[in-house]
Protein chains: 2
Amino acid sequence: MSKATIKDVARVAEVSLKTVSRVINNEPTVKEATRKKVLEAIEELRYQPDMSARNLRGNKSYAVGLVYDNPNPYYVVDVQEGVLQACRELGYSLQIHPCDAETGDIVEELSDLVRNSRLAGLVIAPPISEDDRVTDALYERGIHFVRIVSASSAPAGASPCVYVNDRAAAFAVADHLINKGHSNIAFLLGEEEHHSSGERFKGYRKALEEHGVPVRDDMVLEGSYSFDSGFQRATALLSGDTRPTAIFGCNDEIAAGALAAAKSLGLNVPGDVAIAGFENSPFSKQAQPPLTTAAQSIGDIAKQAMMLLVSELRPQAMTDGNNDRKSEFIPELIARASTDAEAR
Amino acid sequence: MSKATIKDVARVAEVSLKTVSRVINNEPTVKEATRKKVLEAIEELRYQPDMSARNLRGNKSYAVGLVYDNPNPYYVVDVQEGVLQACRELGYSLQIHPCDAETGDIVEELSDLVRNSRLAGLVIAPPISEDDRVTDALYERGIHFVRIVSASSAPAGASPCVYVNDRAAAFAVADHLINKGHSNIAFLLGEEEHHSSGERFKGYRKALEEHGVPVRDDMVLEGSYSFDSGFQRATALLSGDTRPTAIFGCNDEIAAGALAAAKSLGLNVPGDVAIAGFENSPFSKQAQPPLTTAAQSIGDIAKQAMMLLVSELRPQAMTDGNNDRKSEFIPELIARASTDAEAR
DNA sequence: CGTCAACATGACAACGTTGACTAGTTCACC
DNA sequence: GGTGAACTAGTCAACGTTGTCATGTTGACG
């Protein structure tokens, strides 16, 4: 009833401990017939290798850490789900590690984490993943990790990463707005330390430039990825002299704030002002009207990051076609009612 | 530079391995002078016991699982943070386990989890924690766990738990509405399998009864803990013949949906209809107007649950005043603008 | 048919920790 | 001063797995 060990498997399969071990780790030097016997015994006993023992014994480890410093719970939960799914498939265990980049020495903290918890590697989510000071230091210390970052192409540098092409997606959103006839489109930035903010801005700028629409400095406002920040900046913009006909918020929270601002000023959305967000969060669906946005499948991205980490760590472990190292993800435009009117 | 082991500590402290082990597990049979020497050596080497080895060797384990089946990311992240903080203080590692109560045999799934990951116990969050079929079966299998549940008093039964007195808090919210002059207060329920829904309704009903306000069946609507469900039910209510003057949503999402419904019908909040929610989620803060709600400190609750689990598991591990087994939490009324007007 | 490489399997120690048991030390009390 | 309980500390094996090395088995080729 309790735990079946490698010993039990060996007895049932009538081979030695070591042979079972070999099968589990799919080492090549096992005869096919033997391998089959062992696999049947494993099946029969519902054997699963013991993580503690594995981690203890070898240089290898079957545990990874997920590091994040992201205030958005929707994002965090999706990333967790994705990584966890990959962990289950690959037989790894996951140690979550929310942290605060502001306090203390993150590099030290993560090094300790890896050492004390015997982690094989880390999956690092933005924005920490985009802080070169941190990632460089981790690299120097010989810690294995995969980053999830925002970039328009695979970043240079040795450390493997999965990148989200926010720029291309933001281009699509801005393009959509321009095609609706808008030529005065405000852009509300997120925190500077999130690369996604800068990338999305570049996509926005590129779309305007390609259409010959001037980028006006007074229509690009700094701030943070929050409802309040969106509300405040939109209020300022919409009660100013030259009101934009569209507002592109760097994420849905900002856009939701902008929407609330527009409403509180008695403006009609999308009639008086169109609003678009980014991320396809619940905010965008639940808003009245629902917000045009860009959908990123965070779970898939995170899962892929984990796969990538393991394929770096132990290439032979990736048996199947898991080896397709897809590393670029482009969020998809989702047009909703908040931009569904021709600009006047 | 790498990992210090118990052996290193023993060498530095000039004692045997076993004595160091004793100090770590604060067993009583160590002379004070020796203990001090060892502690100093531990300090000096920045020694931390190896989880893998500990788990492997003994019957004991220093890993716990956090089980949840809750769709609300804000809730999930807060629970994680709380449990994780307790884990750090107590030297445990955490294995998160989101699951889907619908699919498959949860009891089997959790049993396997505990066995395969050598977990000492589980912290179970609602709503699974409130499914007696599941918890009874786990108890029978000898699995240790602590539940976080919604109840107005410590539930009977052997398994330890931390309970949130939603009833008392909902009473306070309803009482607040009545004191504002409302006598036709609608109540929008959440999913039935969340006890919190039933508990909050009981608090609402008690408040009405104590004030001699009749509870009208047509003002109590079933549904789910979601924005959409709130929107739909509130739309029906507010466009009906006898419009309530206040709506109490079973959580903030429902309330936010109700708020959106009221606005879309051209009603003024709180002038035409007051709206209150529950949980003090970001929805309630960001709404226009901000929603009156009840704040539960989910993190504290989760942390306490973890503490309780460990104190069951190994009483002697709780050295300090950690032994205060606080297990009741009462969310606190937070009055905001959405109810800040006298009923007409 | 003998030889050697290539392949397939096994024996054994070790990872870091703790449980069971043993041995030495202290101290109260007859 | 002797006795044994109570206290303190140490030795050794074991947890489940894998790395190292040794051994056994096959088959190709001269």
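Labels below follow one simple rule: chain letters A, B, ... track the order of the sequence lines, proteins then strands, and each chain is numbered from 1.
- Whole-Å rounding puts the A/Q48 CD to D/dT17 P distance at 11 Å.
- Residue pairs meeting the salt bridge (Lys or Arg N to Asp or Glu O under 4.0 Å) criterion with at least one partner in residues 301-310 of chain B, sequence neighbours excluded, are B/E89-B/K303.
- Applying the salt bridge (Lys or Arg N to Asp or Glu O under 4.0 Å) test to pairs two or more places apart or on separate chains, those with a residue in residues 117-127 of chain A are A/R118-B/D50.
- Scanning for salt bridge (charged side-chain N to carboxylate O under 4.0 Å, His left out) contacts around B/R46 gives A/D112, with sequence neighbours left out.
- Annotation: salt bridge (charged side-chain N to carboxylate O under 4.0 Å, His left out) contacts of A/E40 (sequence neighbours excluded): A/K36.
- Among the protein residues, B/Y62 comes within range of no part of the nucleic acid, since none of its heavy atoms lies under 4.0 Å from any strand.
- Interface limits on DNA chain C: the 5'-most and 3'-most nucleotides within less than 4.0 Å of chain B heavy atoms are C/dG16 to C/dA20.
- Not counting sequence neighbours, the partners of B/D8 by the side chain to side chain donor-acceptor pair (under 3.5 Å) test are B/R11.
- Note: A/S93 OG to A/Y62 OH = 11.5 Å, rounded to the nearest 0.5 Å.
- Every residue two or more places apart in sequence or in another chain that forms a side-chain contact (heavy atoms from CB on, under 4.5 Å) with A/K7 is listed here: A/T5, A/L17.
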Contact pattern, 5' to 3', of nucleotides 6-14 of chain D - B, S or - by protein heavy atom under 4.0 Å: --BBBB-BB

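- Helix bend of the helix from C/dC1-D/dG30 to C/dC30-D/dG1: the angle between its two end axes, each built from five pairs, comes to 50° after rounding to 10°.
- A/R35 pairs by the salt bridge (charged side-chain N to carboxylate O under 4.0 Å, His left out) definition with A/E32, not counting sequence neighbours.
- Ranked by how close their nearest DNA chain C nucleotide is to the 5' end, B/L56 and B/E27 are led by B/L56.
- Residues passing the salt bridge (charged side-chain N to carboxylate O under 4.0 Å, His left out) test with A/D131, sequence neighbours excluded: A/R133.
- Residues in residues 70-87 of chain A take part in no salt bridge (Lys or Arg N to Asp or Glu O under 4.0 Å) pair, two or more places apart or across chains.
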